[in-house]
Amino acid sequence: QVQLVESGGGSVQAGGSLRLSCAASGTIFRFNAMGWYRQAPGKQRELVAVISSGGSTNYSDSVKGRFTISRTNAKNTVYLQMNSLKPEDTAVYYCRAGLWDIATNSYWGQGTQVTVSS
């Protein structure tokens with residue numbers, strides 16, 4: 001079965017950095033769209049960043065200039081480099097991969113906690 005496994009979450013002080021990784025296994029297909037969502041307590045899950053197999057990227061306004069998404073297509077792996085972290089970035093971060101777009105024939109990871117302290 002297809003499985004997405006996130007890693008790299010943890011606790012960091014404001015202004016620090018973390019790099020999240022998500023590796024897809026159990027499939028021979030390349031996901032055209034891979035990305036990251038996050039959900040803070042009491043808030044709706046939101047799209048943070050997405051990247052296509054061709055390298056096109058989109059970011060939420062709140063993370064532009066601070067976060068960078070990248071991928072290695074051969075391994076269906078996606079990364080999120082998070083710099084200049086702010087307390088409002090605190091959330092559970094979820095990896096998502098779609099065969100066409102981010103929400104088509106898609107799979108979710110289990111989530112990894114990111115906590116940014118003041």
Side-chain angles (χ1 to χ4, degrees):
Q1 60 188 32
V2 175
Q3 186 176 24
L4 303 179
V5 180
E6 302 102 331
S7 62
S11 297
V12 66
Q13 295 184 77
S17 298
L18 287 171
R19 190 175 87 136
L20 306 183
S21 299
C22 172
S25 63
T27 179
I28 64 171
F29 300 106
R30 182 178 69 182
F31 291 105
N32 189 50
M34 300 187 75
W36 295 90
Y37 290 71
R38 68 185 182 187
Q39 187 167 23
K43 293 189 176 181
Q44 190 172 359
R45 189 173 298 186
E46 63 172 341
L47 179 64
V48 176
V50 63
I51 185 169
S52 74
S53 60
S56 298
T57 59
N58 280 308
Y59 298 91
S60 68
D61 289 340
S62 63
V63 307
K64 284 181 179 177
R66 300 188 298 119
F67 291 10
T68 302
I69 189 170
S70 61
R71 66 182 289 171
T72 54
N73 290 333
K75 295 185 177 181
N76 275 329
T77 302
V78 64
Y79 308 91
L80 187 68
Q81 179 67 46
M82 304 184 293
N83 298 325
S84 301
L85 283 162
K86 304 175 181 179
E88 51 262 45
D89 295 318
T90 296
V92 177
Y93 284 70
Y94 297 90
C95 177
R96 193 179 190 183
L99 291 178
W100 177 240
D101 59 32
I102 194 64
T104 301
N105 294 328
S106 65
Y107 299 84
W108 288 92
Q110 81 285 356
T112 185
Q113 177 70 46
V114 171
T115 302
V116 184
S117 60
S118 301

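In this chain, numbering begins with 1 at the start of the sequence shown. Below, all heavy atoms of this structure are taken into account, side chains as well, without hydrogens, waters or symmetry copies.
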Test Trp108 against every option in Trp36, Tyr37, Tyr93 by the ring pair (Phe, Tyr, Trp, His ring centres under 6.0 Å) rule and name the one that passes. Tyr37

Is it the case that Arg38 and Ser62 place a side-chain donor and acceptor less than 3.5 Å from each other? yes

If you group Ile, Leu, Val, Met, Phe, Trp and Tyr by side-chain heavy-atom gaps below 4.5 Å, do Val92 and Val50 land in one group? yes

Establish whether Leu4 and Ile69 are linked, either directly or via other cluster members, by ILVMFWY side-chain heavy-atom contacts under 4.5 Å. yes

What closest approach, in Å, do Ala14 and Ser118 show between heavy atoms, and which atom pair accounts for it? CB-CA, 4.4 Å

Assess, by modelled atom type and distance only, whether the side chains of Ser106 and Arg96 contain a donor and an acceptor separated by less than 3.5 Å. yes

Donor-acceptor under 3.5 Å (Asp89 side chain, Val114 main chain): no

Determine the minimum heavy-atom distance between Met34 and Ile102, stating which atoms define it. C-CD1, 3.8 Å

With hydrophobic residues grouped by side-chain heavy-atom distances under 4.5 Å, do Val48 and Tyr79 end up in a single group? no

Decide, yes or no, whether a salt bridge links Lys64 with Asp61 under the criterion of side-chain N to carboxylate O below 4.0 Å. yes

Donor-acceptor contact present, side-chain Asp101 to main-chain Ala33, <3.5 Å: no

Are Asn83 and Ser17 close enough that a side-chain donor and a side-chain acceptor fall under 3.5 Å? yes

What pair of heavy atoms forms the shortest contact from Thr90 to Val116, and how long is it? OG1-N, 2.9 Å

